[in-house]
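The structure appears right after this line, and notes come after that.
Each chain gets a letter, A, B and so on, in the order the sequences are listed, and its residues count up from 1. No experiment lies behind these values; they were computed from the predicted model shown.
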Amino acid sequence: MTEERLMDKIIDVSLRRGFISPTAEIYGGAGGFYDYGPLGTLMRQKIIDLWRQSFVLDEDKVFEITGSLLLPEPVFQASGHLDSFSDPLVQCDKCKSMFRADELIEQITKQKAEGLTLEALDKLIQDNSINCPSCKGELSKARQFNLMFGTEIGSTGGMKGYLRPETAQNIFINFKRLAGFMRNKLPFGIAQVGHSFRNEISPRNFILRVRQFEQMEIEMFYDPEKENEHPRFDEVAEIEINLVTREMQEKGWEEPLRVTVEGAIVEGLIPNQYLAYYLAMETEMLKAMGIPETEFWFRHMQDHEAPHYSAGNFDLEVNLSLGHMEIIGNALRTDYDLQKHAKASNTSFEIADEGRKIVPHVAEPSMGVDRILYTILEKCYREDDRGWVWFQFPAAIAPLEVAVFPLMKKDGLAELAYDIHDELKDAGYLSFYDVSGKIGKRYARADEIGIPFCVTIDYETKEELTVTIRDRDSMQQIRIPIEDLEVVLGELMDGEAEFSEFEDYLIKS
RNA sequence: ACGCCAAUAGUCUAGUGGUAGGACUUCAGCCUUCCAAGCUGGAAACCCGGGUUCGAAUCCCGGUUGGCGUACCA
């Protein structure tokens, strides 16, 4: 790699080839917001499809819902977001450092200050003559920093609302109806894909730290007394994952621990099967998306790092060019949210089972679509000696799957190629037709956006009804009858067949 | 949020107080029987606002966006 940062190269391709661009660019942009272009959108869709297939559709008792992005204030009062998302800050007039007002007071006066009003905090700062801890300068008045986007609902503005800072709350507040739909029988899971919003103080690093992001999330509700009776755990028990335990972090670690999820439970490294199940599933999913297993691990977060609702978090961290990045959070939310909402709304969230009344516990795998997409871009980015840039996307997440080219424009080849392209589209392939420029240039253009296969129509196509398929990764070509094209492409894409298995059809150059 | 630095076609860049040149890309055409490199022609830019000036893309101020550092990151 050259001096230029990998992220800059990814941004360059993203802008040029229609993956991602800043929102409201012609008006100077808006920090922390990005729009997805044609290829970015196709790719997002495929990422979501892949997740949906294995985490929702393949499961027996997981269903997906679509919740409102804007929710009324009481939801976040109950969930704790209003408090934990809204920190009182003071700033030093001299050195401009920012401090949490309540923590500063607690440190210096040793008295509890959490949850006090701004006025009370100001008074305590004044009464105790608290100055800036780093330069002794005067401190400003405390200001409320709320990471949620708030608004007024209705023309008279009688009701406060917030854009959701996580998708999960829609599921908890619908719990009673959802449980009814699931016939009040545990376990069951509710999935959701959609946007969440956080008014980050300082958005940074392209699409990695943004104010609007998309989550793919499941709340898996289970009986805490049966936390190791996951109905499908056997299917994943032997899958190996990379794990970084709390103990390893204290001692300092270099290589993650390699364990089967079953072994991790036996040794008490992961709290239960419901959480462990998802760690295994996520490992498999990321591998299918072209992210090598050596590049990510699950880190058991220390107690003080975990979110306010979590009794234990296993973050999936990936090794990116700019350092480690959390792209998936796996939280053990216990019954925290249901209890909070039950109390605040005066609703019962108990489920009767075998004579017991249970408030279910929750295991939550929560994934950032944008961060996963960026990780794929980095991990699939290739650059060869000649400076060519291309993406080695697995077919499963490639924004376009096949490109169809006539070798030449003339002699009817263009028309013939277009017909084949049209048929591939009818057959459900994401096919792209390109006629302009020399054939080599078209291959290069297709490679750059990671199209795995190119079909070329030449004179033999006319005479013998055959076409060539070019493999992006090896640049090799096979020649097969047109009538086999759809089937062969399908096998290559599903991974049922490797390109090298078609040795008999290889074109020797 | 604060500090420092930056902002020129789609992308990467050159450049000057007198409104811009290149490369790649892209488009039309020619050429071309398989891996970006031939020929002709075309399109396309000085982040926004204010100030200084006869004149500002250039100098100054403010904003926006981005990078780095610090802080923040449920």
* Do the charged groups of A/Asp8 and A/Arg5 touch, with an N to O distance under 4.0 Å? -> yes
* **Salt-bridge present (A/Arg333, A/Glu364; N to O < 4.0 Å)** => yes
Side chain of [X] only, heavy atoms from C-beta on: which candidate in [options] is closest?
X: A/Arg445; options: B/G67, B/U26, B/G29; result: B/U26
X: A/Met475; options: B/C35, B/A1, B/U33; result: B/C35
X: A/Arg16; options: B/U70, B/G10, B/C34; result: B/G10
X: A/Leu407; options: B/C34, B/U11, B/U32; result: B/C34

* Structure fact -> Per nearest nucleotide of RNA chain B, the residue lying toward the 5' end, A/Met301 or A/Leu15, is A/Leu15
Measuring only the [atom1] atom in each nucleotide, how far is [N] from [M]? A whole number of Å is fine.
N: B/C12; M: B/A7; atom1: C1'; result: 14 Å
N: B/G63; M: B/C4; atom1: P; result: 12 Å
N: B/G22; M: B/C60; atom1: P; result: 29 Å

* Does the side chain of A/Lys441 get closer than 4.0 angstrom to OP1 or OP2 of B/U25 through an N or O atom? -> yes
* **OP1 or OP2 of B/C34 under 4.0 Å from side-chain N/O of A/Arg442** => no
* Check the angle between the aromatic planes of A/Tyr222 and A/Tyr274 and answer parallel, tilted or perpendicular using the 30° and 60° thresholds. => parallel
* For RNA chain B, the dot-bracket pattern of Watson-Crick and G-U pairs whose distances stay under 3.5 Å, | for other-strand partners -> (((((((..((((....[..)))).(((((.......)))))....(((((..]....))))))))))))....
* **Ring-on-base stacking B/U33 with A/Tyr459 (under 5.5 Å, under 30°)** => yes
Does the base of [N] carry an N or O that pairs as donor and acceptor with the side chain of [X] under 3.5 Å?
X: A/Arg470; N: B/C35; value: yes
X: A/Arg204; N: B/G69; value: yes
X: A/Gln477; N: B/C34; value: yes

